[in-house]
Every structure is written in C-alpha cells, then in structure tokens.
Visitor: 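Next up is a structure, given as structure tokens.
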Number of protein chains: 2
Amino acid sequence: MSEDQALAAEWRELANRYAATSCALERELHDRHGIGMSEFEVVDRLAGARETKLRMQELAEVVHLSQSALSRAVARLERHGLVCRALCEQDRRGVFVALTDAGRQRHAEARPTQRSVLAEILRPASSAVTG
Amino acid sequence: MSEDQALAAEWRELANRYAATSCALERELHDRHGIGMSEFEVVDRLAGARETKLRMQELAEVVHLSQSALSRAVARLERHGLVCRALCEQDRRGVFVALTDAGRQRHAEARPTQRSVLAEILRPASSAVTG
DNA sequence: GCGCATTAGATGCATGCGCACGTAAGTTCG
DNA sequence: CGAACTTACGTGCGCATGCATCTAATGCGC
C-alpha cells in the first residue's frame, strides 16, 4: 500500500471516529440536557478551570470554535442562564465568563451523559476486538 | 488518572486532530480549487469507485453527510458542472451520480492538495517526535 | 494630550448542515 | 387491481459556523 493510500485511510478512520462520536454526543446532549456539543465544551472547560471565571480569549484557545462562534455560544449559554458575563476591570475590552449555579448543575447532569457516550463510542465494549 | 479522564483526554485529542485537519483541508481545497471538503469527498469517492456512477444511497453510506446534505452537495457539484445526475431505469426513484470530464479533471487537480495537507497535518514532519 | 495601530469581543451576511416533511416510485397483502 | 406501507430523494426551515467588518478600549509615538 502506498503512503498516499495509507494517509487517506488514516484520515478516513479519523473522520469516521470523529463523526460517530460528535454525532452521538450532539444528539444525546441535546435530547437529554438541551445543550449542544459546543456549549457543553464551554461549560466543561469552565467547570474544570482553576479559576471560577475565564476570559473569552482563554476559552477560545481551548475550544474548537472560531472567536465569533464562541461569542455566540456564550450568548446562548447566557440566554439559558447557564453562564454569566462580567466586564474585566483591568482591561475593559475583555469579558469574563463564569458558570452560574444553574450552569454548574447542568454540567453535573450532562457530564455523565458525555462520559457514557464517549465510553460507548471510543471503547467499543462488549466485544473481544483488541482494536 | 481515572478512566474518565483518560476518555476525555482521548476525545479531546481526537477532536483536535480532526479540527486541525478538516479546517486545513477545507481552506486549501476552497482557496485553490473552489470546492469544499464535503464536495471533494463526494468527487473522490466517485473517482475511486469501481463503477463510473453511484447511487445517492451508496454515496450516503460512505460520506459523512446526512441524506439531505448529500443531496445538496451533489446539487452544488452539478451546478458547477463537476458531476451529472441520471435517472436509474431499474428503480426510478433512484438517482445515479457520475463524474463529468470537468469533474475528473478537478479531482485530479485537487487530490494532490488533499494529500499534501493530510501529510502535513497527520505526519507532523520536520520534527523528531516519534508520535 | 492627540492621532494611529492593535486587540477584545460583537455582529451582518452568506453558507452548509440536520430535521422534518413532501413527492414519487416501488412493494406487500387482500 | 387497489389501499397501505416503505423507500429514495428533494426541499422548507431553523440553526450554527466562518469570514469580514464594526465598535470600544488599550498602547505607542510624538
């Protein structure tokens, strides 16, 4: 098999795995918790951060969203009461984003869903395949 | 490290790799050949197929698109003259999709771009990292 | 202090996507 | 044959995204 073909095969497998996972995540998170994958990602990062609040910029660095998409995702979360924005006093162009109590709770509810989806898709259980 | 954390880390790495690759592919294919990643995927599958024409359904099985998204992607390709649709005589609900000469040529032009992007992203060259 | 470039974030716009549904063709059962 | 069901594909709609651009705040040179 040529290197080209190996490369294409690798890419297809990557795309397959990503599509299967993101698709399942999107559906489960939406149906069971009313949030999308991007929104969960934001909430999850906030919940896992050392600080209680993060700058938009810090979020943008770790989430797979363009700056504009992140701005809108945070806007949606804010509309749903899961995060709140606060001005940054040091640099008044900046915006801090922090989880609300409702946001923390929603994250606590949704995280097990995410983990179980990940486990199911990334660790094809109940099979003897050594992968 | 807990299994949960390992799972989350694995998912993040998968998402990172996918995002980097698809993003670069999308940009390069668009800028240099005027087609998107999904459209290239369709053309690539057609070019690599044993038959000269495929049913929408066959395409839908291998491409990471919903049936409706595929329908529109093929419509775009048809508008650009890269594929043509033909009725299936055996099952007149069905639609065959085939590459045109222009489509074959565009594919021949775009494939090297795709391969070089894949090589660059999936095989982080000029580095001693063993992966 | 006053312009000018830069940076942080928001937004108009065009586009692609999935969902739900519509239409047409095939199939099944009586 | 004919009614009900299923399948294959197209389409209206709402939504999320990226790009380009806008606004506001900061910093820099003078």
Side-chain angles (χ1 to χ4, degrees), chain A residues 15 18-31 34-43 53-80 82-98, chain B residues 15 18-31 34-43 53-80 82-98:
Chain A
Y18 178 81
T21 311
S22 69
C23 214
L25 266 182
E26 195 81 58
R27 181 167 40 246
E28 292 298 310
L29 287 174
H30 179 79
D31 289 357
I35 60 177
M37 197 176 69
S38 298
E39 286 150 83
F40 177 81
E41 176 95 16
V42 171
V43 169
K53 56 188 179 179
L54 292 177
R55 289 281 294 268
M56 294 290 285
Q57 201 174 359
E58 300 177 274
L59 279 171
E61 284 169 14
V62 291
V63 174
H64 304 113
L65 288 176
S66 68
Q67 178 262 323
S68 73
L70 174 64
S71 179
R72 291 171 214 269
V74 169
R76 286 194 297 275
L77 287 169
E78 191 178 35
R79 260 202 306 282
H80 296 342
L82 302 183
V83 306
C84 61
R85 292 195 237 216
L87 281 182
C88 172
E89 292 303 327
Q90 284 71 40
D91 181 345
R92 288 169 47 173
R93 294 167 301 181
V95 170
F96 279 121
V97 185
Chain B
Y18 177 82
T21 312
S22 69
C23 214
L25 267 182
E26 195 81 56
R27 179 166 41 246
E28 293 297 310
L29 287 174
H30 178 80
D31 289 356
I35 61 177
M37 198 176 68
S38 299
E39 286 150 82
F40 176 81
E41 176 93 17
V42 170
V43 169
K53 58 188 179 180
L54 291 178
R55 289 281 294 269
M56 294 290 286
Q57 200 174 0
E58 300 178 274
L59 280 172
E61 284 169 13
V62 291
V63 174
H64 304 112
L65 288 175
S66 69
Q67 177 261 320
S68 73
L70 174 64
S71 180
R72 291 172 214 268
V74 169
R76 287 194 297 276
L77 289 169
E78 191 178 34
R79 260 202 306 282
H80 296 341
L82 303 183
V83 305
C84 61
R85 290 196 237 214
L87 281 182
C88 170
E89 292 304 327
Q90 283 71 40
D91 182 345
R92 288 170 45 175
R93 293 168 303 181
V95 171
F96 279 121
V97 185

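FYI, side chains are in, hydrogens and waters are out, and symmetry mates aren't considered; it's all heavy atoms of this structure. Proteins get letters first, then strands, A, B, ... in listed order; numbering begins at 1 in each.
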Visitor: More 5' along DNA chain D: A/A73 or A/Q90, using each one's nearest nucleotide?
Guide: A/A73
Visitor: How would you give the extent of chain B contacts on DNA chain C, as first and last nucleotide 5' to 3' within a 4.0 Å heavy-atom cut-off?
Guide: C/dG16 to C/dG26
Visitor: Near DNA chain D, under 4.0 Å by heavy atom, which residues of residues 34-42 of chain B?
Guide: none
Visitor: In whole Å, what is the span from the CZ atom of A/R76 to the C1' atom of D/dG14?
Guide: 13 Å
Visitor: Excluding sequence neighbours, so at least two apart, what forms side chain to side chain donor-acceptor pair (under 3.5 Å) with B/E78?
Guide: B/R85
Visitor: Going by side chain to side chain contact (heavy atoms under 4.5 Å, CB included), name the residues that satisfy it together with A/A20, two or more places apart in sequence or in a different chain.
Guide: A/I121
Visitor: Sequence neighbours excluded, which residues qualify as side chain to side chain contact (heavy atoms under 4.5 Å, CB included) partners of A/A86?
Guide: A/F96
Visitor: Sequence neighbours left out, what passes salt bridge (Lys or Arg N to Asp or Glu O under 4.0 Å) with B/E61? Give chain and number order.
Guide: none
Visitor: Just grab all the side-chain hydrogen bond (donor to acceptor under 3.5 Å, both in side chains) pairs involving residues 18-30 of chain A, residues at least two apart or on different chains.
Guide: A/E28-A/R32
Visitor: Got a sec, which residues hit side chain to side chain donor-acceptor pair (under 3.5 Å) with A/R92, two or more places apart in sequence or on another chain?
Guide: none
Visitor: Using the salt bridge (Lys or Arg N to Asp or Glu O under 4.0 Å) criterion, which residues pair with A/E58? Sequence neighbours excluded.
Guide: none
Visitor: What is the distance, to the nearest angstrom, from the CG atom on A/L65 to the P atom on D/dC19?
Guide: 12 Å
Visitor: For B/R72, give me all partners under salt bridge (Lys or Arg N to Asp or Glu O under 4.0 Å), at least two apart in sequence or on another chain.
Guide: none
Visitor: Going 5' to 3' through nucleotides 6-11 of chain D, assign each nucleotide B (protein heavy atom under 4.0 Å from a base atom), S (under 4.0 Å only from sugar-phosphate atoms) or - (no protein heavy atom that close).
Guide: -BSBBB
Visitor: Applying side chain to side chain contact (heavy atoms under 4.5 Å, CB included), run through A/L77 and A/V97 and close with a yes or a no.
Guide: CA-CA 10 Å; A/L77 287 169; A/V97 185; over 6 Å; no
Visitor: Residues two or more places apart in sequence or in another chain: which of them pass side chain to side chain donor-acceptor pair (under 3.5 Å) with B/R76?
Guide: B/E39
Visitor: Whole angstrom is fine here: how far is it from NE2 in B/H30 over to C1' in D/dA20?
Guide: 13 Å
